[in-house]
Every structure is written in structure tokens, then in C-alpha cells.
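Here is the structure we will look at, set down as C-alpha cells.
The basis for the numbers below is simple: all heavy atoms, side chains too, and nothing from hydrogens, waters or symmetry mates. Indexing begins at 1, ligand by ligand and atom by atom, following the structure's order.
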Amino acid sequence: MANEEIFEKLTNAIVTQNIAGCAQLTQEALDAGISPLDIITKGLSPGMKIIGDKFEAAEVFLPQIMMSGKTMEAAMKILTPELEKTKVEGRSAGLAITFVAEGDIHDIGHRLVTTMLGANGFEILDLGVDVLNETVVEEAAKHKGQKVILVGSALMTTSMLGQKDLMDMLREEKLRDNVKCMFGGAPVSKKWIDEIGADATAENAAEAAKVALKVMK
Ligand code: HCB
């Protein structure tokens, strides 16, 4: 099977919520020598975008996006150990405190970004989903003096707004100069990052790791 055909089948497996088929195709793609990142960015993620758009257009409903999420998770179970194998050993790039914004439980992209940061030499403190800004600020304070990057995800326009409050709280607590701040997720734009005075954003997990390494230099 040509790579393009495999990507198309992976996308289709996500859209049709074919959990077993997607896991099998993911394994086949790896066996065919396709990189885990290409499987994600060219096969699985486009399927999540399509199902999200269909949800917005009321063509599918919550149970369907839930099952598409589970389908992607089945593939990620196979791919995460592969991504971790690429881990760069040696000097730490710093501590990455990763989290999903308050009110937001979308964690597929967050986990992928966290895995990629770990594979690229960051120590990881993963605070999980629906994290209060107060908790992030507390953790930033605990690690004052270390090289720290805050890596927040928000998939909804509503939860994204909390990133501005977080930046304000960091400034009020005089912690802003001690940490770098990178935010991402579909609604986050460069314009938003500039507006709230954060340091960076990234389109996807591979880019997030590159950008994080760059801002920590
Ligand atoms: Co959800 N949902 N959802 N959802 N959901 C979205 C996000 C919408 C865009 C769908 C739509 O309407 N088009 C929409 C948000 C609209 C908006 O505000 N703009 C939405 C909504 C409305 C909701 C609910 C409110 C629905 C409801 O209950 N009525 C509800 C909210 C729950 C809550 O959080 N409180 C909800 C629930 C769900 C689930 C639970 C069914 C499920 C999540 C399962 C889970 O994560 N464990 C879900 C899903 C799966 C989606 C879509 C379809 C896919 C998200 C996803 O996993 N994408 C999504 C549609 C979409 O995003 N287009 C839809 C795949 C991953 C790999 O991509 O973008 O998350 P990613 O991450 C990338 C990238 O952004 C970047 O790298 C990642 C990896 O490449 N990145 C960073 C991420 N974080 C970064 C941080 C950095 O610093 C840098 C880069």
C-alpha cells in the first residue's frame, strides 16, 4: 500500500470511529517504515479535524467525537512508546510544566506535546487537565531558580481566555521573568500570544518541542 493510501485509511478510521481498525492500520504503517510523527500529522490528526468540523456543523454529535477520541487514543497507545524511543539522552533542556487550561479536558494533543518534550530532553511535570491557574503559579513558584517552561494547552476559545489571566497572575507574583510561557491548541494564534505577553506557540507537537528548545536557549 502506498503511504498516501495508508494516511487516507487512518484518517477514515478516525472519522468512522473504527478503533480496532485504526490500531491495526497504525501498526501496519509503522511496519511499513512510516515515522510515528507522519502517522499522527498526516493520518490521524486530519481525521480529528474532520470530525471536529462535522460536530460544529451538527452532522455528528458528542458520542461520535468521544469515540473518535478513543480511536485516536488506541493509535497513540502504539505510537507513544515509539516516540519515547527517540529520547535525547544527556543534559536536560529544563523543566517543562505541562497542563490543560481550567475548564478544558481535551488531553490528546497535550499528551502528545508532553511526550515530544520528554523525548527532546525536557524533564516533565505533567499537571493534567482542567488545571487551575493558581496551581500553575504555585508550581512555577516552587521551581523558581530552575530553567522552567510553562506549556499550556487550550482547545476551546473559552478556556483559552484563562491564559491571559495566568500571564497576569505570573506578573503579579513577580514570577514572569523566571519562566518561559508557550501556549497552544487550535484557537491559539501568534496574535493572541503577543496580546497576552507570552513567549511562543506551535502548530503541533513536533514544532512545540523545537520551539521550546529555542526559547529555552
Ligand atoms: Co471537543 N471540541 N468538546 N471533545 N473536540 C473541539 C475542541 C471543538 C473545536 C469542536 C468544534 O466545535 N469544531 C469544540 C471547541 C470549540 C471552541 O471553543 N472553539 C469542542 C467542544 C465545543 C467540546 C464540548 C464543549 C462539547 C460539548 O460537551 N457540548 C466538550 C468540552 C469538554 C471540556 O473540555 N470541558 C468537548 C468534549 C470532547 C471530548 C471529551 C468528546 C473529546 C476529547 C477527548 C480527549 O481529549 N481525551 C473531544 C474531541 C476529541 C474534540 C476534537 C474533535 C479533537 C481534539 C483533538 O484531540 N485533536 C476537537 C476538534 C478540533 O480540534 N478541531 C473538538 C487531535 C490533537 C492531536 O490535536 O489540536 O489537541 P490538538 O493538539 C495539537 C496542537 O493543537 C498542538 O500540538 C498538538 C499535537 O499535534 N498543541 C500545542 C496542543 N497543545 C499545545 C501546547 C503548546 O504549548 C503548543 C502546541
- Under-4.0 Å protein heavy-atom contact, atom 39 (C) of ligand 1: no
- Query: Does atom 50 (C) of ligand 1 have a protein heavy-atom neighbour under 4.0 Å away?
  - Reply: yes
- Taken to the nearest 0.5 Å, the spacing of Leu83 CG from Ile39 CD1 works out to 9.0 Å
- Message: Suppose we measure from atom 46 (O) of ligand 1 to each protein heavy atom; which comes out shortest, and what is that distance?
- Response: Asp107 N, 2.8 Å
- Query: Is Gln27 reaching over with its side chain to a backbone N or O of Gln24, donor-acceptor style, under 3.5 angstrom?
  - Reply: no
- Query: In the protein, what heavy atom is nearest to atom 83 (C) of ligand 1, and what distance, to one decimal place, separates them?
  - Reply: Gly185 N, 3.7 Å
- Message: Below 4.0 Å from ligand 1: does a non-hydrogen atom of Ala202 turn up there or not?
- Response: yes
- Message: Protein non-hydrogen atoms only, distance under 4.0 Å: does atom 14 (C) of ligand 1 have such a neighbour?
- Response: no
- Note on the structure: Closest to atom 2 (N) of ligand 1 (heavy atoms only, candidates Met76, Met156, His106) is His106
- Selected option - heavy-atom contact closest to atom 19 (N) of ligand 1, from Val188, Ile40, Thr157, Val211: Thr157
- Item | Best match, Thr71, Leu155, Thr115: closest heavy atom to atom 55 (C) of ligand 1 | Leu155
- The one among Gly103, Gly109, Ala96, Ala198 that brings a heavy atom closest to atom 71 (P) of ligand 1: Gly109
- Message: Under a 4.0 angstrom heavy-atom cut-off, which atoms of ligand 1 come close to Phe183?
- Response: 87 (C), 88 (O)
- Verify, without hydrogens or angle tests, whether Asp199 (side chain) and Met182 (backbone) share a donor-acceptor contact under 3.5 angstrom. no
- Message: Do the side chains of Lys191 and Asp194 get close enough for a salt bridge, i.e. N-O under 4.0 angstrom?
- Response: no
- Query: Taking 4.0 angstrom as the limit, do Lys210 and Glu207 come out as a salt bridge?
  - Reply: no
- Query: Is the closest side-chain donor-acceptor distance between Asp126 and His110 under 3.5 Å?
  - Reply: yes
- Look at ligand 1 and say whether Lys70 reaches it with a heavy atom at a distance under 4.0 Å. no
- Query: Which of the listed options, Val151, Leu62, Thr158, holds the heavy atom that is closest to atom 26 (C) of ligand 1?
  - Reply: Leu62
- Query: So between Ile108, Asn204, Val129, Leu37, whose heavy atom ends up nearest atom 44 (C) of ligand 1?
  - Reply: Ile108
- Message: Suppose we measure from atom 61 (C) of ligand 1 to each protein heavy atom; which comes out shortest, and what is that distance?
- Response: Met48 O, 4.4 Å
